2 protein chains.
Amino acid sequence: MSSETRPARGATRDDVAKLAGVSSAVVSYVVNNGPRPVADATRVKVLDAIDKLGYRPNAAARSLITGRSDLVGLIVPDVRNPYFAALAQAVEVEARAEGVNLVLAQSLAGQLLPLVESLSGHLVAGVITAAVPEPEAIATLSRNRITMVRLSLVPPDVDATSILPDYYAGARDAVKHLIEVHGHKRIALVAGSDTPDRPAVVIDSRQRGWEDAMNSAGLPTDAVVRVNWSSAGGWKAAGLLLSDHPDCTAVFTMSDQQAIGMIAGLTGAGRRIPDDVAITSFDGSPEAEFTIPPLTTSSVPMKAMAKAAVEQLLKGRTETRLFEPGLIVRRSCGCH
Amino acid sequence: MSSETRPARGATRDDVAKLAGVSSAVVSYVVNNGPRPVADATRVKVLDAIDKLGYRPNAAARSLITGRSDLVGLIVPDVRNPYFAALAQAVEVEARAEGVNLVLAQSLAGQLLPLVESLSGHLVAGVITAAVPEPEAIATLSRNRITMVRLSLVPPDVDATSILPDYYAGARDAVKHLIEVHGHKRIALVAGSDTPDRPAVVIDSRQRGWEDAMNSAGLPTDAVVRVNWSSAGGWKAAGLLLSDHPDCTAVFTMSDQQAIGMIAGLTGAGRRIPDDVAITSFDGSPEAEFTIPPLTTSSVPMKAMAKAAVEQLLKGRTETRLFEPGLIVRRSCGCH
DNA sequence: CTGAAAGCGCTTACAG
DNA sequence: CTGAAAGCGCTTACAG
């Protein structure tokens with residue numbers, strides 16, 4: 001199944017029991033704070049022995065008997081993408097706070113099934129995914145009764161536990177800002193796609209947010225550019241915008257990475273931001289503060305979402321929850 | 001020790017054995033391709049049964065008996081930092097190629113000891129760290145006979161297995177480029193530090209590379225700015241450069257994140273890059289392509305390093321290896 | 001080539 | 001409050 005290395009045996013529970021002069025069951029009671037009470041004097045002896053021996057419970061033995069582990073799988077497309085890096089960082093922090101170790105798996109444009117199979121063998125307490133799982137992967141998880149939580153994954157399947165930002169409201173409010181505060185009438189949408197050539201399988205709620213904001217103001221929604229969710233995609237979108245929709249005075253990009261590439265592309269083409277083209281984005285990533293000009297963006301409450309995801313997993317809840325982004329206003333939209 | 005959820009029991013080896021009409025030992029032989037040979041006809045029966053039952057070996061039971069697991073710990077300060085994200089991505093890919101699952105742990109300016117203790121309990125095959133471990137953490141690992149590989153960690157302790165870029169040569173060559181190709185005479189160093197207020201505990205080899213390049217050319221090495229390894233640090237460095245070393249015509253930054261912040265800071269202050277201040281950096285991160293202007297940077301061969309780190313861990317080797325960065329020339333240094 | 005059996009380090013009824 | 005004992009699902013000598 002895998003390449004592995006040297007054994008790493010340390011003191012066992014029996015060693016501790018012997019040194020403390022108690023039975024090994026008592027050591028368990030102390031280590032786990034139950035399920036039987038232990039006299040204080042006994043507890044002290046055991047704790048001393050544990051300390052003296054540097055004893056760590058063997059997670060494998062514990063897993064074997066309890067049928068679960070303190071492992072949770074996290075699946076992201078690619079941690080190099082700053083959005084997923086932020087997501088992974090937040091989930092790791094929340095998981096650790098709950099005593100859970102995070103197994104990182106990247107789908108990198110591949111199938112999730114092998115990842116999920118590998119994770120199942122570890123009796124993971126559950127899987128948090130920010131990548132789209134194919135039906136086979138979902139089936140494997142459910143066969144092994146492993147909980148799956150979708151984090152920031154659009155769109156949620158029906159019945160699936162999802163923790164996600166309110167993409168719709170965030171996008172709508174950002175576009176409204178461009179319309180109502182800055183008076184723009186021609187605002188393009190830079191949509192994200194993993195397969196830019198083909199139309200999206202489902203409409204991203206951010207697109208609906210943009211459309212509704214435009215429609216409410218009686219503005220046209222014909223200027224749509226669909227590119228990868230990356231800086232390179234945004235760069236490409238800059239070119240498409242200038243050639244296909246030269247009359248647009250503003251843009252809403254679905255991700256900060258796209259906005260970063262777009263700024264580079266537009267600036268390289270001699271356009272000034274926000275004077276020639278105003279930009280508002282979505283994500284709220286830290287690097288949005290250091291673009292030139294600094295980027296106005298809808299900030300996703302990642303920490304709260306990560307916490308909710310870990311909680312759902314551990315508590316076994318299955319409700320879907322929406323988190324409101326907040327617009328961080330900087331110079332790229334024309335403010336200041 | 002931790003919050004955990006529902007059991008996830010599936011078919012066991014005995015179920016497979018029963019269905020295939022063989023002993024459970026034979027199932028092991030098939031699953032593990034050894035250590036005993038199995039007749040082809042028998043193997044087929046077993047494989048069929050495995051398939052039919054959706055059987056996955058229980059990693060906990062296997063770990064318990066073999067004393068090791070297919071888990072490897074990866075410790076980074078913070079995955080949100082694009083450099084560590086790139087590192088984590090590369091290590092995850094190489095680990096998975098070897099059938100190994102990566103447990104992500106972030107030190108986030110805290111101690112490594114609790115992370116290491118948590119990992120030890122899982123009989124991890126080893127730990128790869130890009131964060132500085134304190135002596136207690138090192139002791140815990142060695143007590144549990146867990147191999148530690150330091151990846152891109154400066155400076156390596158004596159005797160520790162380290163996989164790192166040739167910081168010295170990379171920095172020296174980058175600075176030489178500024179001197180020899182572009183004729184700069186006053187080149188500042190933006191050094192990194194986790195504690196900018198205090199002097200660095202050890203001299204980063206990148207600093208020595210800068211110094212030696214300057215010294216060889218008979219140039220002064222008094223312009224040093226020490227800031228955090230972040231965009232925010234680079235932004236701050238821009239201010240310090242303009243106030244403390246206004247005569248510098250070029251800068252070598254130790255990390256791309258710092259360069260990104262520095263570009264934003266200098267541009268915000270009305271300086272043109274590379275005309276007023278030329279910049280060369282270190283890392284080779286993807287976003288360096290989308291700064292304005294695009295950033296010249298020494299590219300670290302992360303994939304090769306990650307592969308070497310995983311290999312060292314699994315093979316139990318302990319040599320230290322250096323990897324040569326390559327200078328990616330873009331516009332920030334004055335080229336093109 | 002195949003199988004019966006011991007044992008990895010734990011947890012948890014159960015009995016005291 | 002404490003302990004003896006069964007058993008989680010595997011691997012691997014050992015015997016056949």
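Labels below follow one simple rule: chain letters A, B, ... track the order of the sequence lines, proteins then strands, and each chain is numbered from 1. Keep in mind that what you see is a predicted model, and the values were worked out from it rather than measured.
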Could you tell me how far C/dA5 sits from C/dC1 if I compare only their P atoms? Round to whole Å.
24 Å
Answer yes or no: side-chain N or O of B/Y55 and base N or O of D/dG9 forming a donor-acceptor pair under 3.5 Å.
no
Which of C/dA13, D/dC10, C/dC10 is nearest the side chain of B/R62? It is D/dC10
Taking it one step at a time, do A/S152 and A/Y83 satisfy side-chain hydrogen bond (donor to acceptor under 3.5 Å, both in side chains)?
CA-CA 10 Å; A/S152 184; A/Y83 183 77; 2.5 Å; yes
May I have the step-by-step check of side chain to side chain contact (heavy atoms under 4.5 Å, CB included) for B/R150 and B/L164, ending in yes or no?
CA-CA 8 Å; B/R150 297 168 190 233; B/L164 61 174; over 6 Å; no
For A/K18 and C/dG9, what is the distance between atoms NZ and C1' respectively, to the nearest whole Å?
13 Å
Does any non-hydrogen side-chain atom of B/T140 lie less than 4.5 Å from one of A/R56?
no
In which stems does DNA chain D show up, taking only runs of three or more Watson-Crick or G-U wobble pairs whose two distances fall under 3.5 Å?
C:1-3 with D:14-16, C:5-12 with D:5-12, C:14-16 with D:1-3
Name the residue from A/T320, A/L322, A/V149, A/L313 that meets the side chain to side chain contact (heavy atoms under 4.5 Å, CB included) definition with A/I163.
A/V149
In terms of side-chain heavy atoms of A/V38, which of D/dA13, D/dG3, D/dT2 is nearest?
D/dT2
Verify side chain to side chain contact (heavy atoms under 4.5 Å, CB included) between B/Q111 and B/V116, making sure each step is shown before the conclusion.
CA-CA 9 Å; B/Q111 305 286 292; B/V116 156; over 6 Å; no
Select base, sugar-phosphate, or nothing to describe what A/V22 touches, counting heavy atoms under 4.0 Å on all strands.
sugar-phosphate
Send over the distance from B/R68 CZ to D/dC10 P, rounded to a whole Å.
17 Å
Under the criterion side chain to side chain contact (heavy atoms under 4.5 Å, CB included), which of A/V79, A/V103, A/L87 is the partner of A/L74?
A/L87
Under a 4.0 Å heavy-atom cutoff, the residues of residues 39-51 of chain A touching DNA chain D are A/A39, A/T42
Have a look at A/L112 and tell me which of A/L141, A/V132, A/T129 forms a side chain to side chain contact (heavy atoms under 4.5 Å, CB included) with it.
A/T129
So if I take every side-chain heavy atom of A/P37 and compare against C/dC8, D/dC1, D/dC14, which nucleotide ends up nearest?
D/dC1
With rounding to the closest Å, how many angstrom separate the P atoms on D/dC14 and D/dC10?
24 Å
Taking only the side-chain heavy atoms of B/R36 (C-beta and beyond), determine which of D/dC14, D/dG3, C/dC8 contains the nearest atom.
D/dC14
Please state how far atom CG in B/L64 lies from atom P in C/dG9, giving the value in whole angstrom units.
7 Å
Pair B/V76-B/L104, side chain to side chain contact (heavy atoms under 4.5 Å, CB included): steps then yes or no
CA-CA 8 Å; B/V76 294; B/L104 179 66; 4.3 Å; yes
Measure from CD1 on B/I65 to C1' on C/dG7 and round the result to the nearest Å.
6 Å
Which nucleotide in the list D/dA4, C/dA4, C/dC10 gets nearest to the side chain of B/Y29?
C/dA4
What's the gap between C/dG9 and C/dA13 when it is taken at their P atoms, as a whole Å value?
23 Å
Atom C1', compared across D/dG16 and D/dT12: separation rounded to whole Å:
16 Å
Is there side-chain contact between A/V310 and A/V100, with heavy atoms separated by less than 4.5 Å?
no
Which comes earlier along DNA chain D counting from the 5' end, the contact point of A/S24 or that of B/D14, where each point is its nearest nucleotide?
A/S24
Calculate the interatomic distance between A/N58 atom CG and C/dC8 atom C1'; express it in whole Å.
8 Å
Does the pair A/R96 and A/N101 meet the rule for a side chain to side chain contact (heavy atoms under 4.5 Å, CB included), with working shown?
CA-CA 6 Å; A/R96 197 159 296 286; A/N101 279 289; 3.4 Å; yes
Go nucleotide by nucleotide along DNA chain D from the 5' end; which of B/A25 and B/A61 gets its closest nucleotide reached first?
B/A61
